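Let me begin by presenting the structure, written as structure tokens, before commenting on it.
Atom set for the values below is all heavy atoms of this structure, side chains included, hydrogens, waters and symmetry mates excluded. On a predicted model such as this, the values are computed, not experimentally measured, just so you know. In what follows, chains are A, B, ... by sequence order, proteins preceding strands, each numbered from 1.
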2 protein chains.
Amino acid sequence: METRELRYFVAVAEELHFSRAARRLGIAQPPLSRAIRQLERRLGVTLLERDSRGVALTPAGSVLLREGRAALDAVAAADRRTRRAGQAANGGAGLVLATKAGASSELLPKLLDAYAAEPDAVPVEVLLCGIGEQERLLRDGRADVALLHRPFDSITGLDSEELVTEQQVAILPAGHPLAHRPHLRMAEVEALPDLPMPRWPRSDGSYPPGPGPEVRDHAQLLQLVALGRTSVVLPESCRSLLRPDVAAVPVLDAPSVTTVIAWPPHSRSRALAGLVRTATRC
Amino acid sequence: METRELRYFVAVAEELHFSRAARRLGIAQPPLSRAIRQLERRLGVTLLERDSRGVALTPAGSVLLREGRAALDAVAAADRRTRRAGQAANGGAGLVLATKAGASSELLPKLLDAYAAEPDAVPVEVLLCGIGEQERLLRDGRADVALLHRPFDSITGLDSEELVTEQQVAILPAGHPLAHRPHLRMAEVEALPDLPMPRWPRSDGSYPPGPGPEVRDHAQLLQLVALGRTSVVLPESCRSLLRPDVAAVPVLDAPSVTTVIAWPPHSRSRALAGLVRTATRC
DNA sequence: GCGCGCGATACCCGGACGGTATCGCCGAGG
DNA sequence: CCTCGGCGATACCGTCCGGGTATCGCGCGC
């Protein structure tokens, strides 16, 4: 199976429409139809059910969609990491660290400073990314290592070390009746009709249904809290970047959040090992 | 990057010899040279250092060797799993479970029986394999799930659940002086000059140097023990398949062994989830 | 110095991939 | 009921790329 065929199939499976997929791929529709048919013939499996008014995935097709995406990510990772390894010889960046914009705002500078002081440190590029993007960045080679937050982020398929665990606090508008309570319970925060919980994007980019506002990053979120439109439960380290017009109240029964440093398996370069070692010590 | 190019590069990087690699790939040498040059040009990176009397990997080349193997495994997995998903519709095998030949001899039949009794069970094919092969089988799609033994097997990059933990015992010829001791220590077992520890294959198939015999599976191993050529420390569940001419003595300070059931991340099919659930309950 | 082994180059051929034109099918709408 | 429009499949053609053969260039060793 060639990556070209996988790219073509993934495009069709995502669009469920040959002509749109062909446009996306920058080719005409007939060669795309032919390529998919040929792929089906070689695999001995029908991947798509075509009737008029559309295309649907067969069970085998959805297996190939999932596995094919993973394979394409692995190929992209090989490409990117090789390019960077070649340029690193000429003094390019050593490591790319991915972290959610707005999270770990205390830990990150401490880690970077401590690592930079190590004798064999290499330059670290920091990649600020949206919610849930980090796993993808690691898998397709755009990043070498990431700071993740369990249980929000999944670490399946990654190697990791725990760094810190912290309690969570509810972020409320400063003037809200609950803002002066010493502590809260999850049930109280979730039941606020005037402050519905925000909705985060799912891994496919869509949003779950519900009353709360759609948010993509922390700055956006804090602004919505200050405006009295939503409330949210976050790890307490976020206190350091709170605006004065919002309040933080501990939530006793919220799950505690563990910050972990994670990297793709089988990629322990010397530089990465040094960064991980530094991280676990500070 | 096409998988053809990756296959070609991996062949050359493994053989470190263009003509041999070309023979292995079933093509002539000139097109192979050209393909590698073209790959290097497109990546903007030199992958191989050619001087006369041979070829050597550059640092970027060894990155591409590692990442390229992973990518090729992912593509192979996509191919195999799709084929099987297509045939499964016609009543093909549901799950492939990989386990080391001779290990978990009590656990495995119990697990298979318990799972077969589940209402939504699918057929399970058991793949007996050599030491350290299971991870590869999972990654390239030949198996869906495996029984592994920590700390011998690495589970990096896999999802897993713990099943049982057990102590280890030393396996000795029945007539050996130490065979009647109530228990032993690792230092005593390792220091036997007449019974050197066997050598297991490494992940690349080669054997570490040393005095002990080279072994590949458990039957072979037990025969060598009975012949008085070696001794070995194994999990105590292996007692059930010991021959009468060997003895098992507990080793107090040997690391305990945990049997885990493991599967590739992002592949939780309904059938797999059922098998894992059954496994954790028995 | 001559032969030999190995990778690079030159050149040719066939097939695969992509493009344009067109067909066949089905559903919507007047 | 007929027609039109949308969509995927088919037919056909040109081109480029991948593979083969022949040969070169260059070290190394007998």
*Please step through side-chain hydrogen bond (donor to acceptor under 3.5 Å, both in side chains) for the pair Thr46(A) and Glu40(A), ending with a clear verdict.*
CA-CA 6 Å; Thr46(A) 68; Glu40(A) 286 179 313; 5.1 Å; no
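- Residue contacts for Glu5(A): at a heavy-atom cut-off of 4.0 Å it reaches no nucleic acid atom on any strand shown.
- Nearest-nucleotide assignment on DNA chain C puts the 5′-proximal partner with Arg50(B), out of Arg42(A) and Arg50(B).
- The side chain of Pro30(A) lies closest to dT10(D) when the candidates are dA8(C), dC7(D), dT10(D).
- Among Arg80(B), Arg69(B), Arg81(B), the single residue meeting the salt bridge (Lys or Arg N to Asp or Glu O under 4.0 Å) criterion with Asp140(B) is Arg80(B).
- For dA9(D), one of the phosphate oxygens OP1 or OP2 lies less than 4.0 angstrom from a side-chain nitrogen or oxygen of Ser33(A).
- With distances taken from any side-chain atom of His17(A) to the nucleotides dC7(D), dA21(C), dG18(C), the minimum falls on dC7(D).
- Going from atom CG of Leu147(B) over to atom CG of Leu97(B) covers 5.0 Å, rounded to the nearest 0.5 Å.
- Each of Pro31(B) and Arg20(A) has a nearest nucleotide on DNA chain D; the 5'-most of these lies closest to Arg20(A).
- With respect to Asp79(A) and Arg83(A), a salt bridge is recorded, a charged nitrogen being found less than 4.0 Å from a carboxylate O.
- Nearest to the side-chain atoms of Val55(B) among the listed nucleotides dG18(D), dG7(C), dG8(D) stands dG7(C).
- Between Arg34(A) and Arg37(A), the residue whose closest nucleotide on DNA chain D is further toward the 5' end is Arg37(A).
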